[in-house]
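Protein chains get the first letters and strands the later ones, always in sequence-line order, with residue 1 at the start of each.
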There are 2 protein chains.
Amino acid sequence: MLEQFDKAFESRIRLQIMSVLAANESYDFSSLKELLEVTDGNLASHLKALEKEAYIAVNKSFVGRKPNTRYVATEDGIEAFKRHLKSLEKLIKQQK
Amino acid sequence: MLEQFDKAFESRIRLQIMSVLAANESYDFSSLKELLEVTDGNLASHLKALEKEAYIAVNKSFVGRKPNTRYVATEDGIEAFKRHLKSLEKLIKQQK
DNA sequence: AAAAGTACTTTGAATTACAAAGTTATAAAA
DNA sequence: TTTTATAACTTTGTAATTCAAAGTACTTTT
């Protein structure tokens, strides 16, 4: 029982953020906010936590003249996320 | 993205406790403590959290003359746990 | 009688989560 | 041109969570 769960993903919101970024390769702040139904402050802090681990990176630009902040998962992030899911999968399989 | 993750399982330790109890139908305090490598105080509090949700139940008895506290997952607990794992599985499958 | 084991509870500190409000910068509307 | 709106935060403050460490009660072994 020495699964290596990643503390950074022990949160529904961060788990979902990574899930979205692993599947979409880039997603912007507003869309993420709508998708996850969280306040902007809350989302920002979870994003920052993942950024601190270097699991995601930020890309700021302008679309038209509006600021647009896009997030992408880093390679490290994808790897860590997959490792975490593997652990979860293993735990799930033990149930069957 | 309206997965219904269960807050009670958003913790590596509680996730593992439920995993053990779903697979073993009963497990005692000391063995659980060794398996999960946690302090007894910490384990007790996680167990209590699961008990509060009625996801596990306690069974105190004596083995020889030694007190033996066994934990079992309740039906509700198993159900909630399975639901949670389904959500996780769904999230994992989205990745593939 | 002293030491050790079981299963806790209590205490306290540190971290985390979250909502709400405030901030900065640009942009569209009146 | 003053107001209003939007994006993406940051700050503030509170509440909840986590955990180790110490303490407790009871029993058993030495």
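For Asn42(B), a side-chain nitrogen or oxygen approaches OP1 or OP2 of dA20(D) to under 4.0 Å. Checking the phosphate oxygens (OP1, OP2) of dT17(D), no side-chain nitrogen or oxygen of Arg14(B) falls inside 4.0 Å. Residue Thr39(B) places none of its side-chain N or O atoms closer than 4.0 Å to OP1 or OP2 of dC19(D).
Residue pairs satisfying the salt bridge (Lys or Arg N to Asp or Glu O under 4.0 Å) criterion with at least one member in residues 67-77 of chain B, sequence neighbours excluded, are listed as follows: Asp28(B)-Arg70(B). Pairs passing the ring-ring contact (aromatic ring centres under 6.0 Å, His included) check and including a residue from residues 22-44 of chain B, sequence neighbours excluded, do not occur.
Heavy-atom distances to DNA chain D give each of Arg70(A) and Gly41(B) a nearest nucleotide, and the one nearer the 5′ end belongs to Arg70(A). Nearer the 5' end of DNA chain D, as judged by each residue's closest nucleotide, is the contact made by Ser45(A), out of Ser45(A) and Lys7(B).
Among the heavy atoms of the strands lying under 4.0 Å from Ile13(B) are primed sugar atoms or P, OP1, OP2 only; no base atom is included. Residue Asn68(A) is in sugar-phosphate contact alone, with no base atom involved, counting any heavy-atom pair closer than 4.0 Å across all strands shown.
Rounded to a whole Å, the CG atom of Leu36(B) is 15 Å from the C1' atom of dT18(D). Remark: P of dT6(D) and CG of Asp40(A) are 13 Å apart, rounded to the nearest angstrom. To the nearest angstrom, C1' of dC19(D) lies 14 Å from CD1 of Ile17(B). Phe9(B) places its CZ atom 13 Å from the P atom of dT18(D), with the value rounded to the nearest Å. As a whole-Å value, the separation of Tyr27(A) OH from dA8(D) C1' is 17 Å. Spacing between atom CD1 of Ile56(A) and atom C1' of dA8(D) amounts to 14 Å, rounded to whole angstrom units. If you measure from atom NZ of Lys48(A) to atom C1' of dC9(D), you get 8 Å, rounded to the nearest angstrom. Distance NZ (Lys33(A)) to P (dA8(D)): 9 Å, rounded to an integer number of Å.
For Phe5(A), the ring-ring contact (aromatic ring centres under 6.0 Å, His included) partners two or more places apart in sequence, or in a different chain, are His84(A). The ring-ring contact (aromatic ring centres under 6.0 Å, His included) test applied to Tyr55(A) returns Phe9(A), not counting sequence neighbours.
In the 5' to 3' direction, nucleotides of DNA chain C lying under 4.0 Å from heavy atoms of chain B begin and end at dT6(C) to dT9(C).
Two residues are said to be in side-chain contact when any heavy atoms from C-beta on lie closer than 4.5 Å; Glu89(A) and Ile92(B) meet this criterion. A 4.5 Å side-chain heavy-atom check between Val20(A) and Leu32(A) finds at least one atom pair inside the cut-off.
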Residues 45-54 of chain B side chain polar contacts: donor-acceptor under 3.5 Å, at least two apart:
from, atom 1, to, atom 2, distance (Å)
Ser45(B), OG, Asn42(B), O, 2.9
His46(B), ND1, Arg14(B), NH1, 3.0
His46(B), NE2, Asn42(B), OD1, 3.3

